[in-house]
Number of protein chains: 2
Amino acid sequence: MEKLEGIIFYTIDKAIKTYRQFAQKRLYEAGLEITIDQWLVMQALTEKPDISQNEIAEKVFKDAASVTRIIDLLIKKKYLERKMHDSDRRRFHLEVTSVGKTLMKDIAKVVAQNRAIALHDVTQEELGMLRDTLTVIINNCKTN
Amino acid sequence: MEKLEGIIFYTIDKAIKTYRQFAQKRLYEAGLEITIDQWLVMQALTEKPDISQNEIAEKVFKDAASVTRIIDLLIKKKYLERKMHDSDRRRFHLEVTSVGKTLMKDIAKVVAQNRAIALHDVTQEELGMLRDTLTVIINNCKTN
DNA sequence: ATGATTTAGTTGATATATCAATTATTGTCC
DNA sequence: GGACAATAATTGATATATCAACTAAATCAT
């Protein structure tokens with residue numbers, strides 16, 4: 001068996017974990033009280049305000065159960081509110097509060113900086129190839 | 001703010017999560033009772049039998065606390081044993097049992113297949129560039 | 001040699017991941 | 001239109017991630 005260092009999935013794992021730690025630390029240092037995972041949910045809601053919890057789960061690659069719990073925390077923090085859904089009483093309408101909107105704006109700057117630092121010296125071409133190769137891997141692994 | 005789909009870290013996250021789900025499912029279907037994270041710890045121990053728990057944590061990008069708990073489970077499953085360390089009574093000598101060794105051999109085949117499937121149609125050159133770009137990102141994010 | 005510091009590992013608290021089971025509601029089909 | 005299946009979300013159980021506090025042992029410094 002090949003050593004861990006030689007395995008590409010080990011490197012991919014290392015890259016995303018290193019970036020997440022880096023990004024989380026910088027959010028924390030900027031006084032922004034949110035985790036990366038909570039931000040992902042907020043971002044999905046910002047992009048599509050009428051999204052359902054199940055759709056959020058799919059979008060951020062999480063389980064519906066995880067999304068339920070993350071939303072519970074975001075509500076506790078007053079960044080979100082659960083309201084009645086117009087046409088489907090099984091669903092909720094999730095509303096980003098004004099506090100939540102302000103927070104998201106503040107985060108945007110830090111997130112942009114994080115990416116710029118993390119991608120320093122990576123060309124557009126390299127970025128494109130990175131994306132293409134990862135997309136091939138993703139499709140190869142689709143179970144269905 | 002750019003949409004999630006356009007963010008490279010979102011794609012990296014998606015790739016590693018898709019692969020992990022794929023790999024875990026195939027391990028489970030092969031009747032192998034181990035998680036990917038537990039396998040990582042076993043593999044680190046197989047590569048360096050005298051490794052310490054802290055060194056394992058560093059190698060597999062986990063917290064020492066996580067490693068303690070993963071090892072507890074591996075011991076409960078009889079794949080590992082904690083023994084006295086020769087020269088340092090703070091440490092343990094972790095020993096892979098014969099059951100554990102057999103398991104690791106069985107896993108090796110499945111893991112090799114998983115990688116072959118996941119990397120189908122990815123050339124050596126693409127793999128090298130993927131690794132290089134990820135390494136740049138990892139170094140850019142090193143906090144220290 | 002002893003007092004301070006460092007290191008190895010554990011434990012508790014909280015956040016997240018995953019699966020299975022459950023509830024409430026909606027949709028389908030005859 | 002009423003039984004049945006599908007869907008949206010929650011909850012419980014277990015595994016993992018992370019941080020902080022802690023214990024025990026080793027090392028360092030004078």
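These figures come from a predicted structure and were not determined experimentally. Residue numbers start from 1 in every chain, and the chains themselves are labelled A, B, ... in the order their sequence lines are given, proteins ahead of strands.
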Between C:dA24 (C1') and A:Q53 (CD): distance, integer Å: 14 Å
Contacts of A:A64 and A:D88 projected onto DNA chain C by closest heavy atom; the upstream (5') one is A:A64
Could you please name the option among C:dT10, D:dA26, C:dT16 that lies closest to any side-chain atom of A:I70? C:dT16
Could you tell me the separation between the CG atom of A:N54 and the C1' atom of C:dT18, rounded to a whole number of Å? 15 Å
Between B:D63 and B:R69, is there a side-chain N and carboxylate O pair less than 4.0 Å apart? no
Whole angstrom value for the distance that separates P of C:dA24 from CE of A:M84: 14 Å
Closest approach to the side chain of A:R69, judged atom by atom: which nucleotide of C:dA8, D:dT11, D:dT16 is it? D:dT11
If you check every side-chain atom of A:K62, which of D:dA17, D:dG12, C:dT16 has the closest atom? C:dT16
Of all the nucleotides listed (D:dT10, C:dA8, D:dA8), which has the minimum atom distance to the side chain of A:T68? D:dT10
Heavy atoms from C-beta onward define the side chain here; which of C:dT26, C:dA15, C:dG9 lies closest to that of A:L73? C:dA15
Taking the minimum atom-to-atom distance to the side chain of B:D37, which one of D:dT16, D:dG12, D:dT18 wins? D:dT16
Distance in angstrom units between A:I34 CD1 and C:dT14 C1', rounded: 16 Å
With a 4.0 Å cutoff (strictly under), does any side-chain N or O of B:R89 reach OP1 or OP2 of D:dA26? yes
Mind checking if A:S52 touches a base, just sugar-phosphate, or nothing, with heavy atoms under 4.0 Å? sugar-phosphate
Ion pair B:E5/B:K3, N-O distance below 4.0 Å: no
Among D:dA17, C:dT10, C:dT6, which nucleotide has an atom closest to any side-chain atom of B:R90? C:dT6
Assign each of B:D63 and B:K77 the nucleotide of DNA chain D bearing its closest heavy atom; nearer the 5' end lies the nucleotide of B:K77
A:A65 side chain: which of C:dC19, C:dT26, C:dG9 is closest? C:dC19
So how far is it from B:I56 CD1 to B:L40 CG, rounded to the nearest 0.5 Å? 11.0 Å
Given atom CD of A:Q38 and atom P of C:dA15, what is their separation to the nearest angstrom? 8 Å
Let me spell it out: for each of B:I71 and A:K76, pick the nucleotide of DNA chain C with the closest heavy atom. Which residue's pick is nearer the 5' end? B:I71
For B:R20, report the nucleic acid contact type (base, sugar-phosphate, nothing); a contact means any heavy atom under 4.0 Å. nothing
Could you measure the distance from the OG1 atom of A:T18 to the CD atom of A:Q21? Nearest 0.5 Å is fine. 6.5 Å
Over how many whole Å does the gap from A:E33 atom CD to C:dA15 atom P extend? 11 Å
Kindly point out which of D:dT18, C:dT10, D:dA26 is positioned nearest to the side chain of B:S66? D:dT18
Please give, in whole Å, the distance from C:dT18 C1' to A:F61 CZ? 17 Å
Angle class for the A:Y19/B:F9 ring planes (parallel below 30°, perpendicular above 60°, tilted otherwise)? parallel
Same cluster or not: are B:V41 and B:Y28 linked, directly or through other Ile, Leu, Val, Met, Phe, Trp or Tyr residues, by side-chain heavy atoms under 4.5 angstrom apart? no
Can you check the B:R82 CZ to C:dG9 P distance for me, whole Å? 9 Å
Measure from the side chain of B:T35, starting at C-beta and using heavy atoms only, and say which of D:dT16, C:dT25, C:dT10 lies closest. D:dT16
Heavy atoms under 4.0 Å, any strand shown: does B:Q24 hit a base, just sugar-phosphate, or nothing? nothing
